[in-house]
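Bear in mind that the values here come from a model prediction, so they are computed numbers and not experimental data.
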Amino acid sequence: MNVNQHSPHSDRDPFGLSVFSRGLYIGGAWRPAAGEGRIEVIDPSTEAVIASVPDATVADAAAAVEAAASAAEGWREMPPRKRSEILRRCFELMVERSETLAGLISLENGKALRDARGEVAYAAEFFRWNAEEAVRISGEFGVAPAGGNRIVVDYQPIGICVLITPWNFPAAMATRKIAPALAAGCTVILKPASETPLTAYALAALYEEAGVPPGVVNVMTTSTPGPVIAAMLGDPRVRKLSFTGSTGVGRTLLAEAAKNVISCSMELGGNAPFIVFDDADIDAAIEGLMVAKMRNAGEACTAANRIYVQSGIHDAFAEKFTRRMAALRVGPGVDPDTECGPMITRKAVEKIERLVADAVSRGAHVLCGGRTLAGRGFFYPPTVLVDVPPASDMGCEEIFGPVAPLYRFETEAEVIAAANDTEYGLAAYIYTRDIGRGIRVASKVEAGMIALNRGLVSDPAAPFGGVKQSGLGREGGQHHGIAEFMEAKYIATSF
């Protein structure tokens with residue numbers, strides 16, 4: 001099915017929602033769920049129901065595992081060059097259909113269209129990168145140190161993979177897992193977030209058009225993820241779990257996977273520090289912060305959550321940054337002029353309200369925003385706060401919204417200690433003209449990814465992942481992403 005093919009009433013259904021929501025995608029076929037349940041998809045800009053998708057049950061989970069198992073041998077034995085060509089075609093189709101996909105993402109997620117376009121480009125790149133890596137998977141051959149035998153190491157697909165993705169990047173979080181898994185020779189079952197399932201189903205149709213065989217990629221939505229995922233992880237044929245989401249849910253999934261000793265990759269929560277030293281280029285730092293904080297309206301695990309500005313430039317920085325934040329245009333994601341779209345749900349807005357109220361009650365001052373916008377939609381305005389106590393809820397939890405708390409600091413040692421005072425360790429940002437200082441501080445900040453004089457850290461060619469409670473393993477990067485979906489087999493031989 002062509003992602004650009006709309007329903008017969010394309011004027012009323014410009015994104016083909018009636019097509020993409022018609023069934024679960026299992027074994028290369030669109031099929032209803034075993035039960036009669038449906039999951040409504042809400043446009044966060046209007047609170048209107050735009051579609052509904054099937055609500056999968058444990059029986060559907062068993063069918064998906066069976067489909068992935070049936071396709072496993074054929075996909076595993078397919079020549080790497082052929083797999084590579086299929087992945088390359090997935091990339092090409094995503095680029096060709098980028099505007100349709102971006103519009104669909106904006107519609108169901110609410111993110112600004114410009115951010116959705118960036119996501120599609122980023123998501124597609126995982127297919128191009130892994131198409132190139134698929135033909136470069138090689139083993140090892142050597143002589144044992146004692147000289148008695150040869151050491152042969154072969155890298156093989158790990159097996160059926162269960163992939164669980166969040167709502168904030170419905171295309172990119174899926175392709176970041178699917179592309180390396182397919183490059184490695186694995187078959188997969190994707191469970192996308194129920195808030196944003198339409199993009200996942202649209203991409204499933206695109207994969208089919210690109211030549212991905214039936215059963216290699218299966219997609220299912222459910223409102224009862226606990227028992228459905230447990231059923232899949234309880235099947236001995238499932239050997240990998242890759243999850244992106246909150247640390248709390250990650251802990252629960254790790255415990256479930258441990259029952260069958262399933263390999264796990266976890267990309268969990270973040271609480272990223274953004275550090276600006278006195279010698280930084282203020283304008284460049286603010287530009288970087290606008291990206292690090294406001295990409296996807298702050299609904300990103302890598303978002304700048306705690307902004308530390310050295311005292312010598314703190315006030316000037318706060319004034320300029322506040323002007324930039326206050327000038328952002330808030331509106332529906334599908335509006336081309338929107339710079340900050342709505343939050344994903346009413347619950348997300350309520351969390352932001354709680355964090356801001358707590359900070360203000362402890363002495364923080366609001367420089368702009370700070371109050372929920374009236375009217376339909378889950379909107380919260382770009383907000384800047386200063387004098388935020390480090391012990392406030394905002395300093396300890398992921399904000400996941402367009403709220404920027406500023407903290408004043410004096411010394412390098414002080415800000416390093418503050419940056420590390422969290423259970424998380426996903427991303428961090430540092431701005432300074434002194435590259436020696438930048439590298440020194442980067443080496444001491446406890447995070448899996450550091451952006452030095454940059455506001456964007458993600459890149460398909462770089463290993464993405466965190467330390468501490470922010471996760472296990474890496475996605476993307478040279479060999480790192482594919483390695484998560486492979487196992488090393490050692491063969492000892494003499495000749």
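A pairwise comparison of heavy atoms in N271 and E397 identifies OD1-O, 4.2 Å as the closest pair.
At a threshold of 4.0 Å, the pair E209-R97 counts as salt-bridged, since one of the basic side-chain nitrogens sits closer than that to a carboxylate oxygen. With respect to E92 and R128, no salt bridge is recorded, no charged nitrogen being found less than 4.0 Å from a carboxylate O. A salt bridge between R474 and E267 is absent, with no side-chain N of the basic residue lying under 4.0 Å from a carboxylate O of the acidic one.
The side chain to side chain donor-acceptor pair (under 3.5 Å) pairs that include a residue from residues 72-83 number zero, where partners must be two or more places apart or lie in different chains.
With N305 contributing its side chain and K293 its backbone, the two residues share no donor-acceptor pair below 3.5 Å.
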Which pairs of donor and acceptor atoms, one on a side chain in residues 220-228, lie under 3.5 Å apart (sequence neighbours left out)?
residue: T221; atom: OG1; partner: P54; partner atom: O; Å: 2.7
residue: T221; atom: OG1; partner: Y201; partner atom: OH; Å: 2.8
residue: T222; atom: OG1; partner: A56; partner atom: O; Å: 2.9
residue: T222; atom: OG1; partner: T224; partner atom: N; Å: 3.0
residue: T222; atom: OG1; partner: T224; partner atom: OG1; Å: 3.2
residue: S223; atom: OG; partner: D55; partner atom: OD1; Å: 3.2
residue: S223; atom: OG; partner: D55; partner atom: OD2; Å: 2.5

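Note that R437 lies in the cation-pi zone of F277, set by a 6.0 Å cut-off to the ring centre and a 45° limit from the axis. The cationic atom of K240 (NZ for Lys, CZ for Arg) lies less than 6.0 Å from the six-membered ring centre of F485 and within 45° of the ring axis. Geometrically, R136 does not engage Y155 in a cation-pi contact defined by less than 6.0 Å to the ring centre and at most 45° from the axis. Relative to the six-membered ring of F126, K177 misses at least one condition, a distance below 6.0 Å or an angle of at most 45° to the axis.
Ring-centre distance between Y122 and F169: not below the 6.0 Å cut-off. F91 and F127 have their aromatic ring centers separated by at least 6.0 angstrom.
The shortest distance between side-chain heavy atoms of E299 and W167 falls below 4.5 Å.
In this structure, CG on D335 lies 10.0 Å from OG on S106, to the nearest 0.5 angstrom.
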